[in-house]
Colleague: 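Okay, here's the structure, questions in a sec.
This is a predicted model, so every value here is computed, not measured.
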Number of protein chains: 2
Amino acid sequence: MGIKERKSRAKEDLKKAILDAAKRLFSEKGFTATSMRNIAELIEFSPTTIYLYYKDKNEILFALHQEGFRLMQDKFSALQHVEEPFERLKAMGRMYLEFAEQNRDYYDLMFVMEEPVELCFKSDSEWEEGMTTYGGLYQTILACQQSGYFKGFEPHGLSLTIWSMVHGLCTLSATKRLEHMVDKKDMIPGLVIPKRTYVFETFVKMLERIN
Amino acid sequence: MGIKERKSRAKEDLKKAILDAAKRLFSEKGFTATSMRNIAELIEFSPTTIYLYYKDKNEILFALHQEGFRLMQDKFSALQHVEEPFERLKAMGRMYLEFAEQNRDYYDLMFVMEEPVELCFKSDSEWEEGMTTYGGLYQTILACQQSGYFKGFEPHGLSLTIWSMVHGLCTLSATKRLEHMVDKKDMIPGLVIPKRTYVFETFVKMLERIN
DNA sequence: AAAACTAATTAACACCGTTAACTTATCCAA
DNA sequence: TTGGATAAGTTAACGGTGTTAATTAGTTTT
């Protein structure tokens, strides 16, 4: 009786194919610009077929949102081998910036758009991916404090401060504010590295100089 | 020959009416959710009339974008009377947070959405409102440094770092990440103030403890 | 063989931003 | 004063959107 299983596997495959098509189109033209009909065309099914597998467009967004967090965690897991906690913290920051830059579409979904986050919490259970991701930062901050950094700070407040800073930098950079709003020309003479890198390094210097 | 003037005044009025209607609808239902037809209905003109006054929807966004910056500058001008520079800096931060919270729609337009910022720089002249707004922060940072704060930091790097942090906090809070993604329950025991205020105060403490 | 279930489709609804063509009113010069 | 230009606003239409209802075709079960 493998027929039923073959069919349910085929259904799973189609569901995955929809997601892959959506992902490809989203990263090519952005979320709002890609339509259900575009996705349908790519998988060579009729547009309404998608609705047999996903309740609506937001549910597709949510599925990719989850995939984004898994992707990010994969990327970050490599950093668990950096022993020195403050070094690890800095590496996490750089990696976060890199992830945001290289996966603009995922980043929007994960940390900017409102639609997917609503689906995370309408069932009021804990949201695992979110907690795990934040937990990685929090644990590193704790380790930093055990190594003598950031004395006298409450660790959650510190984690959220650092996250806010790096997130703000990512979004200002992605939305062109960092380069354009302030100054196109040589505001900072002799600056050769990207402005976001420069600002990040300034922040690191700030963290190093907390007494 | 006041007739011509009366007519051109009427045209100006209508242009303003379109903007007001757009503003109202935008703040009620958000940008993408309000259509040209919605705006038209509110001003009791046909939808296509709007195109006689604004090239397209983005041009309306841009006009409101500009209004947002004027509004922000008005709000901030009150702070020029705070003499002590670091006090002024802190007050600016609090006010920025407050502005973002109370004018979510403007804030999105000014610092999050991509569409309006493109119109700012397609003519590659300097963009006055942007420079003025940033300039307010930069001058305060300079004043802080003259009073002995933040020694050894390049002031632009510092300004952008602080801006990134506060902007990040505003957006994480507005998009529900701050409250929901991390922890619904008492992550920080005994926290009574809003989380964004708490994080802001942590950042201030950080700035105060730079040696 | 008939009935029930399943997967996918077509057709349709009510929107959207925007453009072209048309109407109506006003103005100005001959 | 009349005719043509000019201006302001409208209607109709195009090609798109997310989504739902009704329908077909194919398979499975009774």
Colleague: Nearest-Å distance, NZ (B:K15) to P (D:dG9)?
Modeller: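 Result: 13 Å.
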Colleague: So, is B:Y53 near the phosphate of D:dG9, with a side-chain N or O under 4.0 Å from OP1 or OP2?
Modeller: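 Yes, such a contact exists.
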Colleague: So does B:N38 get a side-chain nitrogen or oxygen closer than 4.0 Å to the phosphate oxygens (OP1/OP2) of C:dC16?
Modeller: yes
Colleague: To the nearest Å, give me how far apart NZ (B:K57) and C1' (C:dT18) are.
Modeller: 12 Å
Colleague: Could you tell me how far apart A:I18 (CD1) and C:dA7 (C1') are, to the nearest whole angstrom?
Modeller: 12 Å
Colleague: Expressed in angstrom and rounded to an integer, what is the separation of B:Y51 atom OH from D:dT10 atom P?
Modeller: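 Spelled out: OH on B:Y51 to P on D:dT10 is 14 Å.
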Colleague: Please list residues of residues 40-50 of chain B whose heavy atoms come under 4.0 Å from any atom in DNA chain D, ordered by number; otherwise none.
Modeller: B:F45, B:S46, B:T48, B:T49
Colleague: Quick one: A:D56 CG to D:dT17 P, roughly how many Å, whole number?
Modeller: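 Answer to the nearest Å: 17 Å.
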Colleague: Does a side chain donor of either B:S35 or B:N38 reach within less than 3.5 Å of an acceptor in the other side chain?
Modeller: yes
Colleague: Whether the B:W163 and B:Y96 side chains hold a donor-acceptor pair (N or O, under 3.5 Å, no angle test) is what I'd like checked.
Modeller: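 On atom types as modelled, these side chains qualify, holding a pair under 3.5 Å.
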Colleague: Tell me: OH of B:Y54 to C1' of C:dT18, nearest whole Å?
Modeller: 18 Å
Colleague: Which of parallel (below 30°), tilted (30 to 60°) and perpendicular (above 60°) describes B:H65 and B:F62?
Modeller: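 The rings of B:H65 and B:F62 lie parallel, inter-plane angle below 30°.
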Colleague: Could one point to a donor on the side chain of A:R37 or the base of D:dG16 with an acceptor on the other under 3.5 Å away?
Modeller: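 For A:R37, whose side chain was compared with the base of D:dG16, there is no donor-acceptor pair (under 3.5 Å).
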Colleague: Would you say B:R88's side chain and B:V82's backbone share a donor-acceptor pair under 3.5 angstrom?
Modeller: yes
Colleague: Separation of A:M36 atom CE from D:dG16 atom P, in whole Å?
Modeller: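 Value for this atom pair: 18 Å.
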Colleague: Can you find a side-chain donor-acceptor pair between A:Y107 and A:E101 that sits under 3.5 Å?
Modeller: no
Colleague: From C-beta outward on B:K11, which listed nucleotide comes closest to its side chain: D:dG9, C:dG17, D:dA8?
Modeller: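 Closest nucleotide among those given: D:dA8.
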Colleague: Return the nearest nucleotide to the side chain of B:L52; candidates are C:dA8, D:dG9, D:dT19.
Modeller: D:dG9
Colleague: Flag the pair B:Y106 / B:F111 as yes when their ring centroid distance falls below 6.0 Å, and as no otherwise.
Modeller: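 No, the ring of B:Y106 stays outside the 6.0 Å limit from the ring of B:F111, centre to centre.
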Colleague: Can you tell whether the side chains of B:E98 and B:R94 come within less than 4.0 Å, N to carboxylate O?
Modeller: no
Colleague: Classify B:T34 by what it touches in the nucleic acid, base, sugar-phosphate, or nothing, heavy-atom distance under 4.0 Å.
Modeller: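 B:T34: backbone/sugar contact only, no base atoms under 4.0 Å.
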